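First the proteins, then the strands, lettered A, B, ... as listed; each starts at 1. All figures in this text were calculated on a predicted structure; none of them were measured in a lab. Hydrogens, waters and symmetry mates play no part in the numbers below; they use all other heavy atoms, side chains included.
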Amino acid sequence: MFESIDAKKKQARKVVTRLRKHYPVAECALHHETPFQLLAATILSAQCTDERVNSVTPILFEKFPDAEALAAGTQAQVEKIVKSLGFFRAKATNLRGMAQRVVEVYDGELPRTLEELITLPGVGRKTANVLLGTAYGIASGVVVDTHVRRISNLLGLTESQNPDIIERDLMAVLPKKEWITYSHRLIHHGRQICIARRPKCTECPLLKICPRVGLDPLE
DNA sequence: ATCCCGAGGG
DNA sequence: CCCTCTGGAT
């Protein structure tokens, strides 16, 4: 679509400008009080909307506010609380395993490097990048979730379907300063306008720079 | 490539 | 019914 890296950078600048104008606030929608709670909420957000995560985390964090508490929770207790989110056995296992490793290896204090974070159960690059960027202001990479993947493909910023390659491509065309905000704004855009099943193209602030326009009539 | 897994929308 | 939702581990 955009053959050269320079063409992609030019497109990326247009995207960033329009996103910033249309979505002035770029914030994480997952409710949390501490970095630990943000990490737990992000683990729970796999294949599930933020609203649904926010509907269970008040109960989860009331009972298990920190790593020590969660590490001591039973599998049945945690499964019961996160059941409605799907993948509940894996998520409960990962939450407890994450908390236990944080207590045992890191003395209850979350590590602040991507390399260490992804050794925690249930934590991959996407989750680690959310935590580092949102809680600590560290731009370790670009958060690539289902929305970022879909829309970055649509906009011609990458042709890959592989999250690691997509992240590399986006890091190459986006200013580092925008890595965090790009993801937050694109996720919001993906939920409100560029919805996977039925995109609201007539309301889209990116319409003029979306290569999809003219190819496939969507109303 | 496949599994995990529930809820909501069209 | 089918698709999608802020993925990660095997």
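- Atoms NE2 (A/H188) and C1' (C/dT6) sit 13 Å apart, rounded to a whole Å.
- Between the side chain of A/R125 and the main chain of A/V142, no donor-acceptor pair closer than 3.5 Å is present.
- Taking atom NE2 on A/H184 and atom C1' on C/dT6, their separation rounds to 9 Å, with Å as the unit.
- Residue A/R191 places at least one side-chain N or O closer than 4.0 Å to OP1 or OP2 of C/dT6.
- Rounded to whole Å, the separation between the P atoms of B/dG9 and C/dT6 comes to 13 Å.
- Under the 3.5 Å distance criterion, the side-chain polar atoms of A/R18 are left unmatched by any main-chain donor or acceptor of A/L206.
- For the pair A/T119 (side chain) and A/E116 (backbone), a donor-acceptor distance under 3.5 Å is present.
- OP1 or OP2 of C/dC5 sits under 4.0 Å from a side-chain N or O of A/R150.
- Contacts between residues 16-29 of chain A and DNA chain C, defined by a heavy-atom separation under 4.0 Å, are made by A/C28, A/A29.
- Listed for the A/Q11 side chain is a donor-acceptor partner under 3.5 Å among the backbone atoms of A/L155.
- A heavy atom lying under 4.0 Å from DNA chain B marks none of the residues of residues 114-148 of chain A.
- For A/E159, the CD atom is densely surrounded, since the number of other residues' heavy atoms within 6.0 Å is greater than 12.
- Listed in residue order, the members of residues 162-182 of chain A having a heavy atom less than 4.0 Å from DNA chain B come to none.
- Of the possible donor and acceptor atoms, none in the side chain of A/R185 sits under 3.5 Å from a partner among the backbone N and O of A/V25.
- Within a 6.0 Å sphere centred on CD of A/E51, other residues, nucleotides and ligands contribute more than 12 heavy atoms.
- Annotation: B/dC5 and C/dT10 have their P atoms spaced 14 Å apart (nearest Å).
- Of all the residues in residues 35-59 of chain A, A/Q47, A/R52 reach under 4.0 Å from DNA chain B with at least one non-hydrogen atom.
- Two different hydrophobic clusters hold A/L154 and A/I193 under the rule that ILVMFWY side chains link at heavy-atom gaps under 4.5 Å.
- By the criterion of side-chain heavy atoms lying less than 4.5 angstrom apart, applied directly or through intervening Ile, Leu, Val, Met, Phe, Trp or Tyr residues, A/I187 is grouped together with A/M171 in one hydrophobic cluster.
- Residues A/Q37 and A/D66 bring no donor and acceptor atom of their side chains to less than 3.5 Å of each other.
- The existence of a salt bridge linking A/E178 and A/R20 is confirmed by a sub-4.0 Å separation between a basic side-chain nitrogen and an acidic carboxylate oxygen.
- Within the structure, ring-ring contact (aromatic ring centres under 6.0 Å, His included) contacts touching residues 1-26 of chain A (residues at least two apart or in different chains) are A/Y23-A/H188, A/Y23-A/H189.
- Within 6.0 Å of the CD atom in A/Q161, the count of heavy atoms belonging to other residues, nucleotides or ligands exceeds 12.
- Remark: the A/E104 side chain and the A/Q100 side chain contain no N/O donor-acceptor pair separated by less than 3.5 Å.
- Nucleic acid contact for A/R149: none, since no nucleic acid atom lies under 4.0 Å from a heavy atom of the residue.
- Put simply, the side chain of A/W179 never gets that close to the backbone of A/S140: no donor and acceptor are under 3.5 Å apart.
- Comparing C/dC5 with B/dC4, their C1' atoms are spaced 15 Å from each other, to the whole Å.
- Residues of residues 76-105 of chain A that place a heavy atom closer than 4.0 Å to DNA chain B, in numerical order, are A/K83, A/S84, A/G86, A/F87, A/F88, A/R89, A/A90.
- Computed from coordinates, the A/I193 CD1 to C/dT6 P distance equals 15 Å when rounded to whole Å.
- Atom OG of residue A/S45 and atom CG of residue A/D50 lie 8.5 Å apart, to the nearest 0.5 angstrom.
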